[in-house]
There are 2 protein chains.
Amino acid sequence: MDEATGNSNYALDKLRTLLRSGSLDADGKLPTERALSDMLDVSRRAVRRALEVLEAEGLIWRRQGSGTFAGRRPDGWSEHVDSIVAGTDLMEIMEVRLRIEPQLAQLAAMRAKAGEVTRMYELVKKIYESTDADGRELWDGALHRHIAQCAGNQFFLTIFDVINRVRQDEAWQAIRERARSANGTRTVTYGQHTAIVDAIAARDPGAAGEAMRLHLLTLQESLVRITSLDHQQPERNKSSSEEPNPNGALSAEHQTRKQRRTE
Amino acid sequence: MDEATGNSNYALDKLRTLLRSGSLDADGKLPTERALSDMLDVSRRAVRRALEVLEAEGLIWRRQGSGTFAGRRPDGWSEHVDSIVAGTDLMEIMEVRLRIEPQLAQLAAMRAKAGEVTRMYELVKKIYESTDADGRELWDGALHRHIAQCAGNQFFLTIFDVINRVRQDEAWQAIRERARSANGTRTVTYGQHTAIVDAIAARDPGAAGEAMRLHLLTLQESLVRITSLDHQQPERNKSSSEEPNPNGALSAEHQTRKQRRTE
DNA sequence: GCTCGAACCAATTTCCTATTGGTTCAATCC
DNA sequence: GGATTGAACCAATAGGAAATTGGTTCGAGC
């Protein structure tokens with residue numbers, strides 16, 4: 001048995017180091033199976049078994065006729081997300097979240113199963129226990145999506161995912177970075193998350209929606225504070241990085257859209 | 001001047017009749033410019049001018065290297081809409097509309113300009129004056145989208161358009177057909193539309209949202225009646241038009257999804 | 001029983017060529 | 001003189017043959 005899969009394991013090790021080394025083209029394409037078989041001096045069958053493992057782990061994805069690529073298989077939305085992002089600003093996204101996520105929380109309060117509520121509490125705990133801002137944002141995103149999932153409407157979940165994709169677009173990376181580091185009081189966020197899940201657990205749609213709305217309002221406020229020029233930072237994070245647009249607040253009329261990614 | 005554009009006008013006429021006749025391939029591809037120039041015995045420049053007019057009118061669209069096509073230029077969403085439709089059912093879509101369009105109506109009540117409100121009343125009139133069910137649905141769609149547009153949030157409008165695309169998918173064609181023919185009392189719909197626009201004109205977000213919600217609830221109810229086997233006559237709906245279900249959803253738990261278009 | 005190599009299959013890319021809309025420009029025609 | 005015309009040329013696309021690449025099958029051999 002050990003003998004049998006020996007070559008595959010050898011190839012697997014080699015491939016793992018190859019993936020970690022990052023010595024790949026920008027598109028993440030790695031050599032062909034035949035080339036790998038030649039390079040590592042193992043049979044193609046062994047290479048394929050190793051690649052199957054890596055694919056199952058989600059480290060690579062393959063397309064017949066094209067090749068094998070590192071990372072996650074891209075889905076069709078990516079392209080459209082770009083065009084959407086180009087025409088929107090952060091405050092528009094926050095406004096949409098403020099009006100949709102409370103609805104999802106309401107539905108979740110009506111339909112979430114016991115096990116799903118348990119999972120929510122676990123996620124809240126994960127957020128609170130995270131030491132780094134990056135991890136907090138990760139678990140926070142997981143909680144919000146889980147609530148959307150518990151709304152029990154596949155189509156609504158798809159809509160949520162579209163919003164989520166736009167929200168997480170790299171164009172906002174910089175602002176989100178600052179928001180994470182400047183997000184002062186963890187306890188406030190923790191309390192709000194708990195309030196949301198408590199309301200869902202209590203099967204109180206109105207309270208769940210309102211709690212979600214409050215949570216997002218707080219988030220929006222902190223975003224406004226960050227993007228405004230004359231803000232007194234809660235804990236003097238970095239030297240004041242320049243933000244050209246102080247108009248972060250949501251206003252009745254809309255400012256001209258920034259042209260982004262216009263190739 | 002008349003002499004100058006004479007040939008173009010001649011070509012324009014010929015092309016219009018060609019488009020109306022429907023004697024085109026299934027893909028709606030027109031002959032090449034050179035071929036048209038030959039067929040109609042006018043210069044290619046004249047053909048191009050005529051085509052420019054038709055393109056500006058939205059009757060055709062052109063792509064260099066490919067050809068000239070009748071109808072509207074397709075965008076990238078179509079493909080994704082199919083995959084979304086495959087995983088949803090009508091009631092899911094109605095639930096989403098019930099929770100999003102009221103929000104858009106609220107925003108529109110806060111931000112719609114005077115001219116936009118005027119346009120809304122015009123659209124309501126168009127709906128009421130339409131003699132055929134097909135025209136009514138067309139103008140109804142225009143009104144709903146216009147309200148979404150008046151919400152003044154580009155991103156929210158994009159979300160609405162996604163929902164709209166899925167809603168209008170041909171998969172629901174049959175049901176919508178029956179809904180149109182069975183939609184008995186026009187006056188009820190007319191009153192509801194007027195109520196929505198009145199609330200927007202009065203800058204009353206709460207009332208606008210509630211009016212929109214009521215309107216969609218009525219629509220949902222008629223859909224339920226149509227899709228249920230043992231339905232009664234449409235005339236009787238006046239008596240029961242009062243808030244058929246205080247809860248926006250149909251039921252707390254979800255019916256199993258139908259598998260559609262799973263090739 | 002398993003692996004290995006080879007051949008074959010199917011999906012995709014690549015390269016080339018023909019087609020087609022877009023543009024320019026001198027000749028031509030009132 | 002001004003606009004049109006026809007021709008040539010440019011740029012983007014479609015179509016197709018050939019090469020590439022992941023997916024599969026099968027017999028030889030240890």
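Just so we're on the same page: letters track the sequence lines, and every chain starts at 1.
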* Short side-chain donor-acceptor distance under 3.5 Å, B:Glu101 and B:His144 -> yes

* Structure fact -> What residues 33-44 of chain A contributes to the DNA chain C interface at heavy-atom separation below 4.0 Å is A:Arg34, A:Ser43, A:Arg44

* To do: Rounded to the nearest angstrom, tell me the gap between atom NZ in B:Lys29 and atom P in C:dT19.
  => 11 Å

* To do: Output yes when at least one side-chain N/O atom of A:Arg62 is less than 4.0 Å from OP1 or OP2 of D:dT21, else no.
  => no

* **d(CD, B:Gln64; C1', D:dA12) in whole Å** => 4 Å

* Structure fact -> Comparing nearest nucleotides in DNA chain D, the 5'-proximal residue of the pair B:Ser66, A:Thr32 is B:Ser66

* Asked: Below 4.0 angstrom, N of the basic side chain to O of the carboxylate: do B:Arg119 and B:Glu122 qualify?
  -> yes

* Structure fact -> The residue, B:Arg45 or B:Gly65, whose nearest nucleotide of DNA chain D is more 5′ is B:Arg45

* To do: Decide, yes or no, whether a salt bridge links B:Glu57 with B:Arg16 under the criterion of side-chain N to carboxylate O below 4.0 Å.
  => yes

* Give the ring-plane orientation class for B:Trp61 versus B:Phe69, where under 30° counts as parallel, over 60° as perpendicular and anything between as tilted. => parallel

* Asked: Can you check the A:Arg49 CZ to D:dG22 P distance for me, whole Å?
  -> 18 Å

* Structure fact -> Whole-Å distance, B:Asp27 CG to C:dT20 P, equals 13 Å

* Asked: With a cut-off of 6.0 Å (strictly less than), are more than 12 heavy atoms of other residues, nucleotides or ligands near OH of B:Tyr128?
  -> no

* Asked: Going from CG on B:Leu143 to NZ on B:Lys125, what distance comes out if it is rounded to the nearest 0.5 angstrom?
  -> 14.5 Å

* Angle by which the axis turns from one end of the helix from C:dG1-D:dC30 to C:dC30-D:dG1 to the other, five pairs per end, to 10 degrees -> 10°

* **Interatomic distance, A:Glu52 CD vs D:dG23 P [rounded to whole Å]** => 8 Å

* Asked: Applying ring-ring contact (aromatic ring centres under 6.0 Å, His included), which residue pairs with at least one partner in residues 34-55 of chain B are found, sequence neighbours left out?
  -> none

* Roughly, in whole Å, what's the span from CZ in B:Arg48 to C1' in D:dT4? -> 15 Å

* **Whole angstrom value for the distance that separates P of C:dT20 from CZ of B:Phe69** => 10 Å

* Determine, step by step, whether A:Ser8 and A:Arg49 satisfy the side-chain hydrogen bond (donor to acceptor under 3.5 Å, both in side chains) criterion, reporting the C-alpha distance in whole Å, the side-chain angles of both residues, the deciding distance to 0.1 Å, and the verdict. => CA-CA 6 Å; A:Ser8 288; A:Arg49 265 207 290 254; 3.0 Å; yes

* For B:Thr68 and C:dT20, is the shortest distance between a side-chain N/O and OP1 or OP2 below 4.0 Å? -> no

* Taking only Lys NZ, Arg NE, NH1 and NH2, and the carboxylate oxygens of Asp or Glu, determine whether B:Glu33 and B:Arg62 approach each other closer than 4.0 Å. => yes

* How many Å lie between CZ on B:Arg63 and C1' on D:dG15, as a whole number? -> 14 Å

